[in-house]
Amino acid sequence: QVQLVESGGGLVQAGGSLRLSCAASGRTFSTYGMAWFRQAPGKEREFVSAISWSGSNTYYDDSVKGRFTISRDNAKNTVYLQMNSLKPEDTAVYSCARSKIAYYSGTYFCPLKVDEVGSWGQGTQVTVSS
């Protein structure tokens, strides 16, 4: 069972930046698509960004496109989320996620929805003050 441990959350003023990290255990990290999701108080968990196993394909929700950048370092078993120009509406618990399926029938999978996630991190709080 993979373990995902996030770090880098905190309190920042609007317009500021944070960099989240997610360290994964195990030797299969480089074969799985990874993603970040977030959940604000009273709201459902929502997709933020995802990255393919090689890093060559990235995906973003429209609300963060142009402000957030996802990346990964397979040698370090780590995925990152660089968050710039933060807004109060970005306040949420951010969770790292691994795809439920790595590869099947010629396709590498990337988790873009909650039900495509096989493993979750514990989450890290990001609070953006106005």
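Note that the numbering runs from 1 along the sequence shown for the chain.
A salt bridge links K65 to D62: one of the charged nitrogens lies within less than 4.0 Å of a carboxylate oxygen.
Of the possible polar contacts, one joining the T91 side chain to the V128 backbone as a donor-acceptor pair under 3.5 Å is found. Formation of a donor-acceptor pair under 3.5 Å by the E6 side chain with backbone atoms of G123 is found in this model. Side-chain N or O atoms of S52 include one that pairs as donor or acceptor with a backbone N or O of N57 at under 3.5 Å.
Residues V2 and S119 share a closest heavy-atom pair of CG1-OG, 3.2 Å. Of all heavy-atom pairs spanning A35 and F37, the tightest one is CB-CE1, 3.7 Å. The minimum heavy-atom distance linking L4 with C22 is given by the pair CB-SG, 3.9 Å. Across every non-hydrogen atom of I101 and S99, the tightest pair is O-OG, 2.7 Å. Closest of all the heavy-atom pairs between A23 and T78 is CA-OG1, 4.1 Å.
By the neighbour-count criterion of 12 heavy atoms within 6.0 Å, atom NZ of K76 is sparsely surrounded, having that number or fewer from other residues, nucleotides or ligands. Around atom CD of Q3, no more than 12 heavy atoms belonging to other residues, nucleotides or ligands sit under 6.0 Å away.
Cluster membership for I51 and W53, using ILVMFWY side-chain heavy atoms within less than 4.5 angstrom, is not shared. Cluster membership check: V48 shares its hydrophobic cluster with L86, using side-chain heavy-atom separations under 4.5 Å among Ile, Leu, Val, Met, Phe, Trp and Tyr. Hydrophobic clustering keeps V117 apart from M34 (ILVMFWY residues linked when any side-chain heavy atoms are closer than 4.5 Å, directly or through intermediates).
Using a 4.5 Å heavy-atom cutoff, the side chains of F47 and Y59 are in contact. At a threshold of 4.5 Å between non-hydrogen side-chain atoms, the residues R72 and N74 count as touching. Side-chain contact between W36 and V79 is present, with at least one heavy-atom pair separated by less than 4.5 Å. Counting only heavy atoms from C-beta outward, the side chains of V12 and M83 never approach each other to under 4.5 Å. Inter-residue side-chain proximity for R38 and E46 is flagged as met; some heavy-atom pair is nearer than 4.5 Å.
Separation of atoms CG (L20) and CZ (F68) is listed at 8.0 Å; rounding is to 0.5 Å. Atoms OG1 and CG, on T124 and L81 in that order, are 11.0 Å from each other to the nearest 0.5 Å. In this structure, SG in C96 is found 9.0 Å from CD in Q122, a value given to the nearest 0.5 Å.
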Can you give the donor-acceptor pairs under 3.5 Å from side chains of residues 107-116 to other protein atoms, not counting sequence neighbours?
{"unit_1": "E116", "atom_1": "OE1", "unit_2": "L112", "atom_2": "N", "d": "2.8"}
{"unit_1": "E116", "atom_1": "OE1", "unit_2": "K113", "atom_2": "N", "d": "3.2"}

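Other members of the cluster containing V93 do not exist, because no ILVMFWY side chain is joined to it at under 4.5 Å. Counting side-chain heavy-atom gaps under 4.5 Å among Ile, Leu, Val, Met, Phe, Trp and Tyr, Y80 is found in no cluster with other residues.
In this structure N77 satisfies the side chain to side chain contact (heavy atoms under 4.5 Å, CB included) test together with F29, sequence neighbours excluded. For Q82, the side chain to side chain contact (heavy atoms under 4.5 Å, CB included) test picks out S17, R19, T69, N84, with sequence neighbours left out. Here T28 pairs with T31, Y32, R98 under the side chain to side chain contact (heavy atoms under 4.5 Å, CB included) rule; sequence neighbours left out.
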